[in-house]
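Following: one structure in structure tokens, then a few remarks.
Every number for a ligand or one of its atoms is a count from 1 in the order of the listing.
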Amino acid sequence: MNGITLLSTGKALPQKCVTNNDMAAIVETSDEWISSRTGISTRYFCQEQEQSWQLAAKAAKEAVEKANISVEEIGLCIVATMSPPFATPSVACLVQRELELPSDTLCFDLNAACTGFVYTLETARALLATNEKPYGLLIGCESLSRIVDFSDRNTCVLFGDGAAAVVVQRSNSQFFAMHGAKGNDKALVCPGYGAEKQYLTMDGKAVFRFAVESIPHCINEILNASSLTLEDIDYIVCHQANRRIIDSVIRQMKAPAEKFYMNLQHYGNTSAASIPLALADMQQQNLLRPGAKLLCVGFGGGFTWGASLVCWKEKE
Ligand code: UT7
């Protein structure tokens with residue numbers, strides 16, 4: 001048994017929903033510009049009293065309840081994030097406390113920017129292969145509003161906060177993964193903790209170009225490795241950054257648009273949380289049948305990229 005399947009999801013959003021018109025009151029922008037250039041209509045921002053780890057714990061609790069498993073059976077808790085509230089404790093340790101996960105749970109945060117959640121899938125697969133316990137808790141969680149420069153209209157309208165969690169189980173189901181990284185310290189940078197100017201900066205066009213090249217590359221590598229075709233895949237769940245990026249991939253690959261799930265209109269770009277948030281909405285919308293083949297594709301700062309082909313539950 002050296003694969004994993006996805007069992008359940010949970011999600012949590014900050015209370016405050018911010019529309020494009022709300023953003024136009026902060027920077028010189030418009031609903032028309034944001035909608036037509038990105039597809040985004042709303043996003044959620046944490047208010048002062050809201051912490052991303054609280055969202056992570058709430059999402060995780062929901063996923064564990066829906067999976068109907070005991071926390072004693074969870075062997076690892078990995079949180080993908082590039083905007084943790086603390087260097088230490090990790091968000092994963094705070095989730096462990098809130099959910100009362102056993103003290104032998106392997107808990108850590110993983111930063112691969114927007115590719116973070118895809119990296120957690122392969123990490124969980126590898127670690128569960130030798131773990132005594134059958135289940136892993138994988139979370140994507142961001143409070144990007146804390147690292148975004150609200151005077152920079154090139155970036156602040158794009159991002160949002162949120163968290164989502166997935167319970168995975170060690171299994172014999174098909175699992176294929178590919179990953180990559182290429183040191184780039186210019187296109188998407190955030191100095192972070194303690195830096196005088198801690199805000200995120202981005203060369204949007206460079207990231208766009210990278211995205212529309214790397215997504216088809218990731219998809220094709222997984223299809224080749226698994227000897228499957230696009231027809232065999234139920235859904236392709238890309239990192240939700242910009243509708244135009246996904247539309248461009250659909251055109252390039254001459255792929256059926258309905259296979260590419262999108263919910264970025266509601267949440268904006270939530271970095272490592274975007275793929276699990278999509279999975280959570282897909283579960284809520286009853287789109288996932290047991291045995292469904294899901295191809296998750298991430299790309300982002302670093303540059304990093306990666307894809308995992310994973311099944312939703314075991315076939316009935
Ligand atoms: O998770 C990965 C994270 N990053 C991304 O996914 C970003 C990928 N890149 C993109 O999505 C796009 O490049 C953006 C949405 C960021 C920008 O779209 P674009 O079509 O590449 O626009 P642009 O940067 O070429 O800007 C076009 C114009 C500029 O004005 P001028 O120079 O033509 O007069 C910008 O100043 O739009 C202006 N502009 C805005 N106008 C209104 C830039 N941001 C805004 C804004 N509102 N928020």
Side-chain angles (χ1 to χ4, degrees), residues 18-43 45 80-83 110-119 140-145 147-162 164 180-182 184-190 199-218 237-252 260 262-278 296-307:
V18 178
T19 65
N20 290 345
N21 284 330
D22 293 333
M23 292 307 298
I26 302 172
V27 281
E28 199 185 328
T29 189
S30 63
D31 176 42
E32 202 283 325
W33 193 95
I34 303 172
S35 305
S36 62
R37 298 276 176 147
T38 70
I40 297 165
S41 300
T42 55
R43 75 286 289 141
F45 289 152
T81 183
M82 60 175 259
S83 56
L110 179 159
N111 180 352
C114 306
T115 319
F117 184 78
V118 173
Y119 273 40
C141 140
E142 301 286 8
S143 49
L144 299 169
S145 62
I147 57 169
V148 153
D149 179 354
F150 280 98
S151 66
D152 176 12
R153 69 177 182 171
N154 291 292
T155 52
C156 73
V157 302
L158 305 175
F159 297 98
D161 302 342
K182 182 181 187 175
N184 176 310
D185 63 356
K186 295 196 171 51
L188 212 167
V189 178
C190 183
Y199 296 128
L200 180 151
T201 54
M202 183 176 72
D203 176 347
K205 282 197 188 306
V207 179
F208 196 102
R209 274 195 305 275
F210 163 68
V212 298
E213 279 167 21
S214 63
I215 298 175
H217 167 69
C218 291
V237 188
C238 292
H239 165 47
Q240 305 283 303
N242 183 327
R243 167 175 274 282
R244 281 165 53 222
I245 291 176
I246 297 177
D247 285 344
S248 161
V249 170
I250 292 169
R251 276 197 306 276
Q252 266 186 73
F260 286 72
M262 275 193 249
N263 64 357
L264 59 90
Q265 62 276 24
H266 305 303
Y267 310 125
N269 180 345
T270 55
S271 190
S274 87
I275 291 176
L277 264 176
C296 300
V297 187
F299 61 88
F303 285 132
T304 53
W305 62 90

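- Close approach of ligand 1 to Asn154 (heavy-atom distance below 4.0 Å) involves ligand atoms 43 (C), 44 (N).
- Nearest non-hydrogen protein atom to atom 5 (C) of ligand 1 is Val207 CG1, 3.6 Å.
- Considering backbone and side-chain atoms together, Leu158 places no N or O closer than 3.5 Å to any N or O of ligand 1.
- With Phe303, Phe208, Trp33 as candidates, the residue nearest to atom 17 (C) of ligand 1 on a non-hydrogen basis is Trp33.
- The backbone N or O of Arg244 sits nowhere less than 3.5 Å from a side-chain atom of Asp247 that would complete a donor-acceptor pair.
- Counted by atom type alone, Ser83 and Glu142 present one or more donor-acceptor pairs between their side chains at under 3.5 Å.
- Given atom 22 (O) of ligand 1, the protein heavy atom at minimum distance is Arg37 NH1, 3.4 Å.
- In this structure, atom 34 (O) of ligand 1 has its sub-4.0 angstrom surroundings free of protein heavy atoms.
- For atom 14 (C) of ligand 1, no protein non-hydrogen atom is found at a distance below 4.0 Å.
- Protein heavy atom at the shortest distance from atom 11 (O) of ligand 1 is Asn242 ND2, 2.7 Å.
- Taking a cut-off of under 4.0 Å to the non-hydrogen atoms of Glu28, the atoms of ligand 1 that pass are 42 (C), 47 (N).
- Atoms of ligand 1 found under 4.0 Å from any heavy atom of Val157 (numbered from 1 in listed order, with element): 48 (N).
- Taking distance alone, with nitrogen or oxygen atoms compared against 3.5 Å, Thr38 stays at or beyond that limit from ligand 1.
- What sits closest to atom 8 (C) of ligand 1 on the protein, heavy atoms only, is Gly204 O, 3.5 Å.
- Proximity of Asn269 to ligand 1, defined as any heavy-atom pair under 4.0 Å, is confined to the side chain (atoms from C-beta onward).
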